[in-house]
Amino acid sequence: MSYDLWYWPSIQGRGEFVRLALEAAEIAYTDRAREDGAEALLDDMDARTGIKPYAPPYLVDGDLCIAQTAHILSWLGAKHGFCGADERETLGLIQLQLVVTDIVAEAHDTHHPVATGDYYDEQKDEAKRAAKGFRDERMPKYFDHFESALSASTGPFVTGASWSHVDTSLFQLVRGLQYAFPRRMAALLPDYPKLAACADAVEALPGIRAYLDRDRRIAFNEDGIFRHYPELDEA
Ligand SMILES: N[C@@H](CCC(=O)N[C@@H](CS)C(=O)NCC(=O)O)C(=O)O
């Protein structure tokens, strides 16, 4: 059995959240647009019928096609056993995954606060204002929330010793924000030791280690969600 993952081939983007869960669980998949190109992705989306993906990432399993990052992750987690041990944990993890969705959208909006379809250069002043609010108010508020969830567990993961789809997403969130806002993260992350430890523990998982060592991860860049613009970063 092998899944097809469809996502833009040149950025980590939201596809990376799905990739990381697949890699951590050592599940076989084909990264279709990285093999066949962005045109193939557009053609595939076009050719789908019924309830189609609105946007990538989406995952194909035979005649099932699942879109929306948090939805894909909770579906994969339920199928492969990284979604918590009981209903309470499963629901709590989906809830947290949706909080990750929210902060990822806000991280994107720091460089595109006015119009997603316009260039960053056309909204630099607004981006400075948006990034300040994100750095000063939103990052600590979200981090408090994740630290509190991690503090209710024996660690290093949200549900204890077993990782879930939320932990791989927290890893990506922390590393993405470290790339985009290195000064702010250097000042802030020491106040969140459980979040930092969770990210490190995900990085040490054998599947993730192998993924990073094989150098298959696309580097963060200024076309993705987490972009480093020095003028948007302050401690
Ligand atoms: N809520 C969706 C958002 C998907 C999304 O915005 N995908 C981006 C790339 S990261 C895209 O290609 N968007 C095209 C568009 O919105 O028109 C998710 O979490 O998967």
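Predicted model, so just to flag it, every value in this text is computed and none were measured.
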Minimum heavy-atom distance Leu232-Ala131, with the two atoms named = O-CB, 3.7 Å
To the nearest 0.5 Å, what is the distance between CG (Asp213) and OH (Tyr211)?
-> 12.5 Å
Does a side-chain N-to-carboxylate-O contact under 4.0 Å join Glu106 and Arg138?
-> yes
Test Tyr3 against Ile72 for side-chain contact (heavy atoms from CB on, under 4.5 Å), laying out the working first.
-> CA-CA 12 Å; Tyr3 296 112; Ile72 300 168; over 6 Å; no
Might you point out which heavy atoms bring Val158 and Ser153 nearest each other, and give the distance in Å?
-> O-CB, 3.1 Å
Does any N or O in the side chain of Glu35 come within less than 3.5 Å of the main-chain N or O of Asp31, such that one atom is a donor and the other an acceptor?
-> no
Report the C-alpha distance between Thr30 and Leu5 in whole Å, list the side-chain angles of each, state the deciding distance to 0.1 Å, and finish with yes or no for side-chain contact (heavy atoms from CB on, under 4.5 Å).
-> CA-CA 6 Å; Thr30 306; Leu5 170 65; over 6 Å; no
Nearest-0.5 Å distance that lies between atom NZ in Lys194 and atom CG in Leu150 = 8.0 Å
Sidechain-backbone polar pair: Glu89 side chain, Ala85 backbone, donor-acceptor under 3.5 Å | yes
Should Val18 and Trp75 be regarded as members of a common hydrophobic cluster, given that ILVMFWY residues are connected when their side-chain heavy atoms come within less than 4.5 Å of each other, either directly or indirectly?
-> yes
Assess whether salt bridge (Lys or Arg N to Asp or Glu O under 4.0 Å) is satisfied between Arg216 and Glu23, documenting all intermediate values.
-> CA-CA 11 Å; Arg216 286 196 295 119; Glu23 296 284 351; 2.7 Å; yes
Backbone of Cys83 reached by a side-chain donor or acceptor of Thr90 within 3.5 Å = yes
Looking at Cys198 and Leu170, what are the two nearest heavy atoms and their distance?
-> SG-CD1, 4.3 Å
Out of curiosity, does Leu59 fall in the hydrophobic cluster containing Val104 (side-chain heavy atoms, cut-off under 4.5 Å, transitive links)?
-> no
With a 4.0 Å cut-off, would you call Asp233 and Arg183 a salt bridge?
-> yes
On a heavy-atom basis, the closest approach of Val174 and Met185 is O-CE, 3.7 Å
Quick one: list whatever passes ring pair (Phe, Tyr, Trp, His ring centres under 6.0 Å) with Phe134, sequence neighbours left out.
-> Phe181
So how far is it from His228 NE2 to Glu231 CD, rounded to the nearest 0.5 Å?
-> 8.5 Å
Side chains of Glu16 and Pro57: does their closest heavy-atom pair fall under 4.5 Å?
-> no
Quick one: list whatever passes ring pair (Phe, Tyr, Trp, His ring centres under 6.0 Å) with Tyr142, sequence neighbours left out.
-> none
Considering only heavy atoms from C-beta outward, does the side chain of Asp4 approach that of Tyr29 to under 4.5 Å?
-> no
Report yes if some heavy atom in the side chain of Arg227 is under 4.5 Å from a heavy atom in the side chain of Asn221; otherwise report no.
-> no
Do any N or O atoms from the side chain of Asp118 and from the backbone of Ala115 form a donor-acceptor pair under 3.5 angstrom?
-> no
Using the test ring pair (Phe, Tyr, Trp, His ring centres under 6.0 Å), find all partners of Phe157 that sit at least two apart in sequence or belong to another chain.
-> none
Are the side chains of Trp8 and Ile11 in touch, meaning some heavy atoms are under 4.5 Å apart?
-> yes
From Tyr120 OH over to Glu222 CD, what is the distance, rounded to the nearest 0.5 angstrom?
-> 10.0 Å
So with a 6.0 Å cut-off around CZ of Arg214, is the heavy-atom count from everything else above 12?
-> yes
Should Asp46 and Lys52 count as an ion pair when the cut-off is N to O under 4.0 Å?
-> no
So, do Phe82 and Thr168 sit near enough that their side-chain heavy atoms are less than 4.5 Å apart?
-> no
Contacts of Arg175 that satisfy salt bridge (Lys or Arg N to Asp or Glu O under 4.0 Å) - sequence neighbours left out = Asp200, Glu203
Which pair of heavy atoms, one from Pro9 and one from Gly37, lies closest together, and at what distance?
-> CG-C, 4.5 Å
Which of parallel (below 30°), tilted (30 to 60°) and perpendicular (above 60°) describes His108 and His111?
-> perpendicular
Arg48 side chain reached by Val60 side chain, heavy atoms, under 4.5 Å = yes
Under the side-chain contact (heavy atoms from CB on, under 4.5 Å) rule, what do Thr69 and Leu73 come out as? Steps first, then yes or no, please.
-> CA-CA 6 Å; Thr69 310; Leu73 288 169; 4.0 Å; yes
Among all residues two or more places apart in sequence or in another chain, which pass the salt bridge (Lys or Arg N to Asp or Glu O under 4.0 Å) test with Lys132?
-> Asp136
Given Val166 and Ile94, is the side-chain contact (heavy atoms from CB on, under 4.5 Å) satisfied, shown in steps?
-> CA-CA 8 Å; Val166 169; Ile94 294 172; over 6 Å; no
Who pairs with Glu122 by salt bridge (Lys or Arg N to Asp or Glu O under 4.0 Å), at least two apart in sequence or on another chain?
-> none
Which residues satisfy the side-chain hydrogen bond (donor to acceptor under 3.5 Å, both in side chains) test with Asp144, sequence neighbours excluded?
-> Tyr192
Please answer: with hydrophobic residues joined when any side-chain heavy atoms are less than 4.5 Å apart, are Leu64 and Leu22 in the same cluster?
-> yes
Which residues satisfy the side-chain hydrogen bond (donor to acceptor under 3.5 Å, both in side chains) test with Thr159, sequence neighbours excluded?
-> none
With sequence neighbours excluded, tell me which residues meet ring pair (Phe, Tyr, Trp, His ring centres under 6.0 Å) with Tyr179.
-> Phe220
Could you tell me which non-hydrogen atom of Ala107 sits nearest to which non-hydrogen atom of Phe226, and how far apart they are?
-> CB-CE2, 4.0 Å
Partners meeting side-chain hydrogen bond (donor to acceptor under 3.5 Å, both in side chains) with Tyr58 (sequence neighbours left out) | Asp44
Does a side-chain heavy-atom distance below 4.5 Å link Val100 with Phe17?
-> yes
Among all residues two or more places apart in sequence or in another chain, which pass the side-chain hydrogen bond (donor to acceptor under 3.5 Å, both in side chains) test with Ser169?
-> Gln97
Are Val202 and Leu76 connected, step by step, through hydrophobic side chains (Ile, Leu, Val, Met, Phe, Trp, Tyr) whose heavy atoms are closer than 4.5 Å?
-> yes
Distance from Gln68 atom CD to Thr101 atom OG1, nearest 0.5 Å?
-> 8.0 Å
In terms of hydrophobic clustering (I, L, V, M, F, W, Y; side-chain heavy atoms under 4.5 Å; direct or indirect links), are Trp6 and Ile27 co-clustered?
-> no
With sequence neighbours left out, what residues match Asp36 under salt bridge (Lys or Arg N to Asp or Glu O under 4.0 Å)?
-> Arg32
Rounded to the nearest 0.5 angstrom, the CZ-CD distance for Arg135 and Glu137 is 11.0 Å
For Ile51, does the CD1 atom have more than 12 heavy-atom neighbours from other residues, nucleotides or ligands under 6.0 Å away?
-> no
Is the shortest heavy-atom distance from the side chain of Pro53 to the side chain of Cys65 under 4.5 Å?
-> yes
